Amino acid sequence: MTLPLPHPALAAADPELAGLVADEERLQAETLRMIPSENYVSHAVLEASGTVLQNKYSEGYPGRRYYEGQQVIDQVERLAVARAKALFGVEHANVQPYSGSPANLAVYLAFARPGDTVMGMALPMGGHLTHGWGVSATGTWFNGVRYGVRADTGLIDFDEVREIALKERPKIIFCGGTALPRTIDFAAFAEIARESGAVLVADVAHIAGLIAGGAHPSPVPHADVVSTTTHKTLRGPRGAMLMCREEHAKAIDKAVFPGLQGGPHNQTTAAIAVALHEAASPAFRTYAHAVVANARALADALLAKGFDLVSGGTDNHLILMDLTGRDVPGKIAAKALDRAGIVVNYNTVPYDPRKPFDPSGIRLGTPSLTSRGLTADHMPTVADWIDRAVTAARSGDEDTLTRIRTEVAALMSEHPAPGLPV
Ligand code: DSN
């Protein structure tokens, strides 16, 4: 029997590119994808991303556009906005930011001027480039001051955050980041932002799906602005949203358009609407809680194997592992794991003596494998593969890596991924 081609028009028009897409589909099907910011979107989200909606220019907002022919596009954007407001319980949502970095840049445009002081978590401590880190435009055009985590606990030291905020009086304080394995105390940040007169921005890109599914506390009652991408735990297309109270709506909208961007990517807006609809379902609540249960089970299994986890474990979807004690640099381990069919990224750990391009740790997470239906019962096996692969990385044992890759592919074949051709 000949199976139908998954992308017949693409295969006919551009076989070379179609072949690359097929290769990527195979890679995503056969490997255990554990980069915590990645996921598998549903067929419905994929289809919405590939519609004729992308043929339209729509500068402006529903009912106030600079182009005609918006009869349908306005409805699409209104639907996405209404779903975002309902899901996260916010007064205002802007679904137009192209991705997380432009969304955060819009926040700067709305609330600060070049040269102003802004505050965020240091990148090597788990923050994000756009929270005022030096090599980012946000750290070049603004005076970025940073907080971190305690060396002994791996947890945020709120006394330190308060001290820096009261001394530096930043215009904006960012909380949230890219390598934070623990629950973010939004209320504590809000109190400090109030005391220091700063706008509090909760960047929940990593945990938006957990918040939507009730598996992490919401920043909404505490933060002035909530910034998120839509493609991580939220399981939507690559895009972003800014949410806020009504009092900041005008400033946020003006900053996104015309301040920073041109026409919104309407096909992405549509796919965001679909993802938000999916995220409002009971099944998604179950998913969000399973992501956390899997991460906790994996952390326990890794600790039992003697791995050193930053902060001693996890409360969310993410685990940050310091491999110093294993005598394997993070990059060597990540590349060996990749050859074993387990995809993670190398990552700095707090107070890392090594450089960001060759750091001491790896970062891994459970959003993608949970989307494939893996449960806490699978986590000891996953921990065992990681343990064997890291040991093999140190000794250069390629045979073991090849064996693990076969075992991984076998388990993955029993758990088809959403959105991929069967
Ligand atoms: N690149 C994202 C991550 O992997 O966490 C953050 O923007």
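Source: prediction; values computed, not measured. Counting convention: from 1, in listed order, for ligands and their atoms alike. Heavy-atom basis, side chains included; hydrogens, waters and symmetry copies ignored.
For residues 218-227, the pairs satisfying side chain to side chain donor-acceptor pair (under 3.5 Å) are Asn104-Ser227, Asp224-Arg245, with sequence neighbours left out. Sorted by first and then second residue, the ring pair (Phe, Tyr, Trp, His ring centres under 6.0 Å) pairs with a member in residues 153-184 read Tyr108-Phe174, His131-Phe174, Phe158-Phe189; sequence neighbours excluded.
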Validation: residues 408-415 side-chain donor-acceptor distances under 3.5 Å, sequence neighbours left out:
from: Ser413; atom 1: OG; to: Ala410; atom 2: O; distance (Å): 2.7
from: His415; atom 1: ND1; to: Arg372; atom 2: O; distance (Å): 3.3

Does ligand 1 have any N/O pairs with the protein under 3.5 Å, and how far apart?
from: ligand 1; atom 1: 4 (O); to: Ser37; atom 2: OG; distance (Å): 2.7
from: ligand 1; atom 1: 4 (O); to: Arg363; atom 2: NH2; distance (Å): 2.8
from: ligand 1; atom 1: 5 (O); to: His206; atom 2: NE2; distance (Å): 2.7
from: ligand 1; atom 1: 5 (O); to: Arg363; atom 2: NH1; distance (Å): 2.9
from: ligand 1; atom 1: 7 (O); to: His128; atom 2: NE2; distance (Å): 2.9

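When ring centroids are compared, His317 and His206 come within the 6.0 Å threshold.
Salt-bridge formation is not detected for the pair Arg388/Asp397: no Lys NZ or Arg NE/NH1/NH2 atom is positioned less than 4.0 Å from an Asp or Glu carboxylate oxygen.
Put simply, the side chain of Thr138 gets close to the backbone of Gly132: a donor and an acceptor are under 3.5 Å apart.
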